[in-house]
Amino acid sequence: MTTIEFYKYQGTGNDFVMIDNRDLSFPKQQSIIAQLCDRRFGIGADGLILLETDPETDFKMVYYNADGNESTMCGNGGRCLVAFANFLKVFDGQCTFNAIDGLHEAEINNGLVKLKMIDVENISKDGEDSVLNTGSPHFVKYVEDVEHFEVYQQGKAIRNSEQYRKEGINVNFVETLSDDEIFVRTYERGVKDETYSCGTGATASALTFLQDKNKEMVKVKVLGGNLKIYAEQQGDTFHNIWLEGPAQQVFKGFINI
């Protein structure tokens with residue numbers, strides 16, 4: 001049995017177990033990670049993130065879904081990791097780090113973390129709905145009264161449909177609140193449930209809203225709080241995309257694994 005130190009962070013209700021793994025001592029076993037993320041028998045989280053060293057940048061992000069499998073980019077997780085790295089004094093103010101989808105820039109100021117996302121070269125259509133990759137694959141559907149929408153049932157059905165069953169897809173339901181704000185609820189494929197917030201999902205939803213509107217910022221309301229997405233469009237491509245919102249340390253402790 002090994003005792004490890006962990007930290008718990010949340011970004012607009014999206015919560016993560018954070019581990020400083022710069023000494024590479026953490027056992028990267030699916031069963032252990034799933035146990036730590038379990039809300040009844042472990043710490044409880046939407047995912048687990050390892051902070052590791054990187055020869056070319058300030059640090060490296062290694063992200064696992066709550067089911068214990070290594071996954072694609074997590075926007076809120078990335079923001080929380082930036083806050084964690086800042087807490088550990090890995091950097092001060094601004095940083096760059098590597099993740100599974102490549103290089104990211106970020107900055108932290110008074111608890112708000114602004115994270116640069118990958119460029120998005122195109123937004124595909126699936127009927128009237130949109131499909132795009134913002135570091136993770138996303139399906140975006142506009143609905144009315146998203147607050148009372150059956151996100152779990154409808155999201156699960158789309159994620160497990162014949163078209164998306166094999167690779168899986170995250171499903172976002174979006175309501176337009178005004179000409180500069182949307183309300184997004186997301187069913188995440190790795191969590192197999194709705195989460196309070198999804199950074200790459202908020203980004204994907206924001207880009208579909210900003211498409212061809214000659215706007216460069218949209219406010220995004222999620223169940224866990226509020227985010228802002230900034231982006232510039234050139235042709236069909238979005239670039240200079242930034243995800244901004246709070247990231248907070250909730251608690252820390254030790255656990256036996």
Side-chain angles (χ1 to χ4, degrees), residues 6 8-19 21 26-52 60-81 84 98-102 104 115 117-118 120 131-141 150-174 184-205 220 222-224 227 243 245 247:
F6 71 90
K8 182 75 173 286
Y9 274 74
Q10 67 87 14
T12 52
N14 215 183
D15 59 342
F16 307 93
V17 173
M18 294 284 179
I19 295 173
N21 195 41
F26 181 77
K28 298 177 180 180
Q29 297 176 23
Q30 187 269 337
S31 59
I32 290 175
I33 296 166
Q35 171 83 12
L36 292 174
C37 292
D38 191 288
R39 295 192 183 278
R40 295 187 181 274
F41 300 102
I43 300 165
D46 292 327
L48 180 144
I49 303 176
L50 303 177
L51 184 146
E52 297 185 350
K60 178 183 178 183
M61 172 182 180
V62 184
Y63 173 67
Y64 297 88
N65 280 325
D67 60 9
N69 292 308
E70 189 171 358
S71 188
T72 48
M73 182 58 186
C74 175
N76 285 329
R79 292 193 308 99
C80 285
L81 186 64
F84 182 43
N98 261 317
I100 195 167
D101 63 340
H104 290 267
L115 172 68
M117 310 293 284
I118 64 168
V120 174
V131 177
L132 62 159
N133 193 306
T134 52
S136 290
H138 283 277
F139 183 101
V140 179
K141 184 180 188 67
E150 294 182 338
V151 170
Y152 176 80
Q153 294 90 336
Q154 297 295 323
K156 182 179 180 181
I158 293 170
R159 182 259 178 269
N160 292 301
S161 64
E162 185 175 349
Q163 185 170 356
Y164 302 111
R165 184 182 301 126
K166 184 176 180 181
E167 297 297 329
I169 198 164
N170 303 287
V171 185
N172 306 273
F173 300 98
V174 185
V184 179
R185 294 178 63 187
T186 305
Y187 176 94
E188 290 199 45
R189 60 175 182 171
V191 181
K192 299 179 181 177
D193 203 348
E194 180 180 9
T195 56
Y196 273 62
S197 177
C198 174
T200 55
T203 303
S205 301
V220 181
V222 294
L223 292 181
L227 298 163
L243 166 67

Can you see which heavy atom on [X] is nearest to which on [Y], and at what distance?
| X | Y | result |
| --- | --- | --- |
| Gly168 | Arg159 | CA-NH1, 3.4 Å |
| Met73 | Ile100 | N-CG2, 3.6 Å |
| Ser136 | Thr72 | OG-OG1, 2.6 Å |
| Met61 | Tyr63 | CE-CB, 3.9 Å |
| Gly245 | Arg79 | O-NH1, 2.6 Å |

Do [X] and [Y] make a side-chain contact, defined as non-hydrogen atoms from C-beta onward lying under 4.5 Å apart?
| X | Y | result |
| --- | --- | --- |
| Ile158 | Gln163 | no |
| Val171 | Thr186 | no |
| Leu227 | Leu243 | yes |
| Val140 | Leu132 | yes |

Holding to ring pair (Phe, Tyr, Trp, His ring centres under 6.0 Å), I want the full list of residues that pass it with Tyr164, two or more places apart in sequence or in another chain.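 Counting only residues at least two positions away or on another chain, Tyr164 forms a ring pair (Phe, Tyr, Trp, His ring centres under 6.0 Å) with Phe139.
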Taking ring pair (Phe, Tyr, Trp, His ring centres under 6.0 Å) as the test, write out the residues that go with Tyr9, two or more places apart.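 Partners of Tyr9 under the ring pair (Phe, Tyr, Trp, His ring centres under 6.0 Å) test: Phe84.
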Between Leu81 and Lys60, is the side-chain contact (heavy atoms from CB on, under 4.5 Å) condition met? List the steps. CA-CA 9 Å; Leu81 186 64; Lys60 178 183 178 183; over 6 Å; no
Hey, could you give me the [atom1]/[atom2] distance between [X] and [Y], rounded to the nearest 0.5 Å?
| X | Y | atom1 | atom2 | value |
| --- | --- | --- | --- | --- |
| Leu36 | Phe41 | CG | CZ | 14.0 Å |
| His104 | Leu115 | NE2 | CG | 6.0 Å |
| Ile118 | Asn133 | CD1 | CG | 5.5 Å |
| Asp15 | Leu48 | CG | CG | 11.5 Å |

Do you see a donor-acceptor pair shorter than 3.5 Å between the side chains of [X] and [Y]?
| X | Y | value |
| --- | --- | --- |
| Thr203 | Thr134 | no |
| Asn21 | Glu52 | yes |
| Asn14 | Ser197 | no |
| Asp46 | Thr195 | no |

Residue set satisfying side-chain contact (heavy atoms from CB on, under 4.5 Å) with Leu223, at least two apart, ordered chain then number -> Phe183, Arg185, Glu194, Tyr196
Taking the side chain from [X] and the backbone from [Y], do they hold a donor-acceptor pair closer than 3.5 Å?
| X | Y | answer |
| --- | --- | --- |
| Asn170 | His138 | no |
| Glu70 | Val62 | no |
| Asn65 | Gly68 | no |
| Ser205 | Val184 | no |
| Glu188 | Asp193 | no |

Salt bridge or not between Asp67 and Lys192? Use side-chain N to carboxylate O under 4.0 Å. no
Within the supplied structure, the quantity of interest is the number of heavy atoms (other residues, nucleotides, ligands) at a distance under 6.0 Å from [X] [atom1]; does it exceed 12?
| X | atom1 | result |
| --- | --- | --- |
| Glu150 | CD | no |
| Lys156 | NZ | no |
| Gln153 | CD | yes |

Could you give me the CA-CA distance, side-chain angles and deciding distance for Cys74 and Phe16, then say whether side-chain contact (heavy atoms from CB on, under 4.5 Å) is met? CA-CA 11 Å; Cys74 175; Phe16 307 93; 3.5 Å; yes
Check the pair Cys80, Met18 against side-chain contact (heavy atoms from CB on, under 4.5 Å), reporting the backbone distance first and the verdict last. CA-CA 9 Å; Cys80 285; Met18 294 284 179; 3.3 Å; yes
Let's go through Ile49 and Leu51 carefully: what are the C-alpha distance in whole Å and the side-chain angles of both, what is the deciding distance for side-chain contact (heavy atoms from CB on, under 4.5 Å) to 0.1 Å, and is it a yes or a no? CA-CA 7 Å; Ile49 303 176; Leu51 184 146; over 6 Å; no
